[in-house]
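By convention in this document, chain letters (A, B, ...) are assigned in the order of the sequence lines, proteins followed by strands, and residues within each chain are numbered from 1.
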There are 2 protein chains.
Amino acid sequence: MVTIADVARHAGVAASTVSYVLSGKRSISSDTRDRVQEAVRVLGYRPNASARALASQRSNVLALVIPLRTGMHVPVMMQFATAVVTTARRFDHDVLLLTADEGREGLERVAQSSLVDALVVMDVELHDERVPVLRELSMPSVLIGFPADTDGLTCIDLDFVAAGERCVDHLADLGHRTIALLGTPSAVYERQTGFAQRTLAGFTAAADRRGVLGVETPCEHTFDAVLGTVEQLLRDHPDITGLVVQNEPIIGPLLDVLRRLGRRVPEDMSLMAICADDVAERQVPQLSSVAIPADEIGLQAVESLITKLEGGQVPAMTLLRPQLTPRASTCPAPARH
Amino acid sequence: MVTIADVARHAGVAASTVSYVLSGKRSISSDTRDRVQEAVRVLGYRPNASARALASQRSNVLALVIPLRTGMHVPVMMQFATAVVTTARRFDHDVLLLTADEGREGLERVAQSSLVDALVVMDVELHDERVPVLRELSMPSVLIGFPADTDGLTCIDLDFVAAGERCVDHLADLGHRTIALLGTPSAVYERQTGFAQRTLAGFTAAADRRGVLGVETPCEHTFDAVLGTVEQLLRDHPDITGLVVQNEPIIGPLLDVLRRLGRRVPEDMSLMAICADDVAERQVPQLSSVAIPADEIGLQAVESLITKLEGGQVPAMTLLRPQLTPRASTCPAPARH
DNA sequence: TTGAAAGCGCTAACAT
DNA sequence: ATGTTAGCGCTTTCAA
């Protein structure tokens, strides 16, 4: 193994000088810098991460806590994770992967052992057992999602209330008077995961405000569940002409079910999705949608964390404005009988 | 921060004794052990990961390199990742997440800086630029997938050749004489990712052996691509009564397309999938399938790595036997006209 | 069965 | 502008 002492010897300088050349934390004559950099190159020197972390009290590693639970949509999570890793690397940090089932103990372990410098926690529930741990940890963290009590936390997420509202407004603008929200599996609501509830709140509020009838129902991921749920919905509310779906994996089956039931999209039934843009664009017809900007959220989460690590201030709450893209799946409501 | 010295003082022993109690590397009187453990508990001591890594030359961290490329099926990757993290934790290791686009340099960085002790590399291509790096690294690694030259490597994967064969055998046993393989997007073949080619090899070999006509085609992920591909296939080979699909995201659209084209599954068209069991079971009808045992592969990969780290021997090549489960989507071939 | 002490490779205060 | 040196917190040899 090549150490900093080897480099120092090769360049004819002190080890500290090598360190300073590498960190740029003090000015170095260009002659010295060149010799050191040449030595680094020739010897193939890489600073030892543990030694550096021990001496500097910084591991340059962020923890990413990802959920592995029922009802979560995997591709969106991967998009988050990718954005987090990519952004972390831009700031010369690495990412340690924790699964949510490590729970409180997992957070305490990586934080208290100084394995990581900061934490990104995904899929936060309204009453999340990990939130008190994060408060006590005295280590920077960013939550993706909002718990009930956000005191002392930094949270970032799509503004799902606004997302729900915008879907309703879009459909109401098109003249739809009865619309339904086809939501996540009931387990997600029961877990009190904020995003599902917040979308529902926005949906309901906007329906009230616009004077349209808004009904909502959870929906499981199987084809039969989709079929049963939609049939039930149309039986209870035959006037439904607009559907909002916040449940990525059922989008395909849902289109299929509507076809089977003889409802053309969009002529008989306008359909909006809250999902990643590429998913919306891949469907036939392409779906009008509110995008889930996983890349942007992951990026902002890491940027906030880095700012905090450098002693800077970041907004406690960041709600990203939803972006609605009308596509082929929504059109003016059919004339009423 | 609580250090080992604090614990030693509290317990009235030397720091080294605390270390030995924690590691179990030498025998300790039960009296001493109790006092130390009590002190650890009372003070809430956690060993500092960097200090431990620096002194012991072991970070207890594994790198997991995941692909982020076109044509990869995300849920399967997440299943791998989850299995790797879960298994790593069982052996008291953590997992650092690297994206494949860090390439050679990324591997060298984490290995040469001693950030990690070993590497799990997913989605290996036949001629992968990272393979020579792994050979030179003198750090244990396990590849998930097989490159062309496996010399000096440890590789593990599903036996996709056998998977392709088993699908053909199952359909041939049912009397099908013309069958098609609906494969991954062409980008995956062009990248020479082993698994797609190996399935194809098994498919072709078994078709020859069984004297059935086996045709194959790649297929992109959009609905239109599926429709176009299947239409073309049926135009070129009207006698096809059996379909094998190795392309998880198109399974839903494919069922839909077959329905549109008036081909009932399984009465007119038997359908087999190479995919995770839960995906096969979620379809209507449930699909006969060869499972991709991501959990098992991830688990074995980590177990091999741990064995290597402890100086043990592991098999260079591990091919997991495919498991075929007949379900509702395959039945005897219709009588020929 | 336990303790003392020498590092592990680096950073950063303190000197010059 | 650069060098000297004292740690960072732990593991492990060497001694007893």
| note | Of B/Ser30 and B/Ser56, the one whose closest nucleotide on DNA chain C sits nearer the 5' end is B/Ser30

| said: Please determine whether a side-chain nitrogen or oxygen atom of A/Ser19 lies at a distance below 4.0 Å from atom OP1 or OP2 of C/dT11. | reply: yes

| note | Here the distance between atom P of D/dG9 and atom CG of B/Leu43, to the nearest Å, is 15 Å

| note | A correct dot-bracket answer for DNA chain C, with pairs being Watson-Crick or G-U at under 3.5 Å, [ ] for crossing pairs and | for inter-strand pairs, is ||||||||||||||||

| Separation of C/dA12 C1' from A/Arg52 CZ (nearest whole Å) | 13 Å

| task | Please state how far atom CZ in A/Arg58 lies from atom C1' in C/dA12, giving the value in whole angstrom units. | result | 14 Å

| note | Taking D/dC8, D/dT11, D/dT4 as options, the one with an atom nearest any side-chain atom of B/Ile4 is D/dT11

| said: If only side-chain N and O atoms count, and only distance matters, is there a donor-acceptor pair under 3.5 Å linking A/Ser29 with A/Asp31? | reply: no

| message | Suppose we call a contact any N or O donor and acceptor under 3.5 Å apart; does that hold for the side chain of A/Arg26 and the base of D/dT2? | response | yes

| Can you check the B/Tyr20 OH to C/dA4 C1' distance for me, whole Å? | 11 Å

| query | Can you tell me if A/Asp117 uses its side chain to pair, donor with acceptor, with the backbone of A/Leu62 under 3.5 Å? | reply | no

| message | At 4.0 Å (heavy atoms only), tell me whether A/Thr32 reaches a base, stays on the sugar-phosphate, or touches nothing. | response | sugar-phosphate

| field | Between P of D/dG7 and CD of A/Gln57, the distance in whole Å | value | 14 Å

| task | Decide if atom CD of B/Gln313 counts as having more than 12 heavy atoms of other residues, nucleotides or ligands within a radius under 6.0 Å. | result | no

| query | Any side-chain N or O of B/Ser27 under 4.0 Å from OP1/OP2 of C/dT1? | reply | yes

| query | When you check the phosphate oxygens OP1 and OP2 of D/dC10, does a side-chain N or O of B/Tyr45 lie under 4.0 Å from one of them? | reply | yes

| Reported OG1-to-CE distance for the pair B/Thr82 and B/Met78, which is rounded to 0.5 angstrom | 4.5 Å

| Heavy-atom check, side chain of B/Asn48 versus side chain of B/Met1, under 4.5 Å | yes

| task | Could you tell me whether B/Arg135 atom CZ has more than 12 heavy atoms of other residues or ligands within 6.0 Å of it? | result | yes

| message | Is A/Ser29 close enough to D/dT2 that one of its side-chain N or O atoms is under 4.0 Å from OP1 or OP2 there? | response | yes

| message | Output the rounded distance in Å from NZ (B/Lys25) to C1' (C/dT2). | response | 18 Å

| field | Integer-rounded Å distance: C/dT11 C1' and A/Ile28 CD1 | value | 13 Å

| Is the shortest distance from a Lys or Arg side-chain nitrogen in A/Glu105 or B/Arg46 to a carboxylate oxygen in the other one below 4.0 Å? | yes

| query | Want to settle it: does B/Ser16 or B/Ser50 sit nearer the 5' end of DNA chain D, counting the closest nucleotide to each? | reply | B/Ser50

| remark: Quick note, A/Ala51 side chain, CB onward, closest among C/dC10, D/dG3, D/dG9 is C/dC10

| Tell me: CG of B/Asn48 to P of C/dG9, nearest whole Å? | 17 Å

| For B/Ala83 and B/Ala294, which heavy atoms make the closest approach, and how far apart are they? | CB-O, 4.1 Å

| N or O in side chain of A/Thr17 less than 4.0 angstrom from D/dG3 OP1/OP2 | yes

